[in-house]
J.: 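Structure below; questions to follow.
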Amino acid sequence: MATVAQRIDGYDLRIADSAEELAHAVAEALAHNVSQVLAQQPRFSLALAGGHTPARLYHLLASEYAQRIEWSRVHLFWGDERYVPADHPTSNYRMVRETLLASLRLPEGNVHPMPTHPAHPEAAARLYEQELLAFFGGFPRLDLVLLGMGTDGHTASLFPNTPALWERERLVAVGEAPTEPKRRLTLTLPVLNAARTVYLLVTGADKAETVRRILREGAPLPAAQVCPQEGERVWWLDREAASAL
Ligand code: 6PG
């Protein structure tokens with residue numbers, strides 16, 4: 001699926017004609033990225049985005065592209081999670097279970113959901129932090145992070161003007177969303193910006209103005225603050241989301 005590459009003020013963009021074509025293009029790029037990394041190391045760590053945008057991508061990864069990725073060597077993490085039970089309709093884990101995991105047989109030890117059973121999300125954040133430190137043997141450097149963006153420019157659960165966005169010590173913070181479910185868990189910017197590769201996936205005309213503000217005006221919204229120090233960042237847009245550029 002063809003995309004048009006464009007570079008605007010330091011942002012690498014890939015623009016597809018439709019959300020469907022975007023999903024195929026990202027699946028193709030992800031499969032290529034995984035095979036390149038697995039040629040150099042035993043495991044691949046992938047952090048998944050929540051929300052609606054990536055659902056089609058996850059379906060493709062579990063079907064047309066399932067054989068293109070050596071899933072037994074891929075470890076799944078979450079970039080953020082709503083602080084609800086794992087079977088709650090708004091759970092990002094549930095969305096991934098229904099789209100990606102339902103038909104992919106990953107070893108159980110490869111799936112690292114954010115815990116939402118502790119009474120307090122702060123305790124859950126600390127648990128996930130320990131899981132990341134144990135897996136990476138130190139500061140987590142994820143091989144690839146998938147992110148979405150809200151119309152307010154939030155990404156993961158780093159919402160504008162919230163403490164989680166300003167967190168620079170912790171690896172996992174408690175996010176505060178303006179809409180229910182308000183309590184979230186989220187990777188913090190230090191973790192996102194330590195990644196080897198970050199793919200931001202944005203589709204739909206409703207996000208075009210936010211995309212323009214970030215890419216054309218440098219608006220310091222949360223999604224604009226994802227800039228891996230030593231990694232690659234690609235903004236994957238459909239034509240609608242890129243329509244105000
Ligand atoms: C979440 C996501 C969040 C999402 C954006 C975009 O838990 O909701 O992680 O950051 O990526 O809100 O959501 P849509 O893809 O539904 O527009």
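Keep in mind the model is a prediction, meaning the values are calculated, not measured. When a ligand or atom number is given, it counts from 1 through the structure's own listing order. We use all heavy atoms of the structure for the numbers below, so side chains are in, but hydrogens, waters and symmetry mates are not.
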J.: Taking the six-membered ring for Trp, are F135 and H75 parallel (under 30°), tilted (30 to 60°) or perpendicular (over 60°)?
T.: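 Correct class here is tilted.
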
J.: Checking side-chain polar atoms at under 3.5 Å, does D143 have a donor or acceptor matched by the opposite partner on S45?
T.: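 Short answer, yes.
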
J.: Find out whether K182 and Y83 are in side-chain contact, i.e. whether some heavy atom of one side chain is under 4.5 Å from a heavy atom of the other.
T.: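 They are not in side-chain contact.
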
J.: Report yes or no: is the cationic atom of R233 (NZ for Lys, CZ for Arg) closer than 6.0 Å to the six-membered ring centre of Y11, at no more than 45° off its axis?
T.: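 Output yes; distance and angle both within limits.
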
J.: Please check if the side chain of D80 supplies one atom and the backbone of N92 the other of a donor-acceptor pair under 3.5 Å.
T.: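 No.
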
J.: Does CZ belonging to R213 count more than 12 external heavy atoms closer than 6.0 Å?
T.: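 For R213, atom CZ is not crowded (no more than 12 foreign heavy atoms under 6.0 Å).
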
J.: Near ligand 1, which residues have a heavy atom under 4.0 Å away from one of its atoms?
T.: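 Lining ligand 1 at under 4.0 Å, by heavy atoms, one finds G50, G51, H52, T53, D80, R82, N92, G148, M149, G150, H154, T155, A156, R184, K207.
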
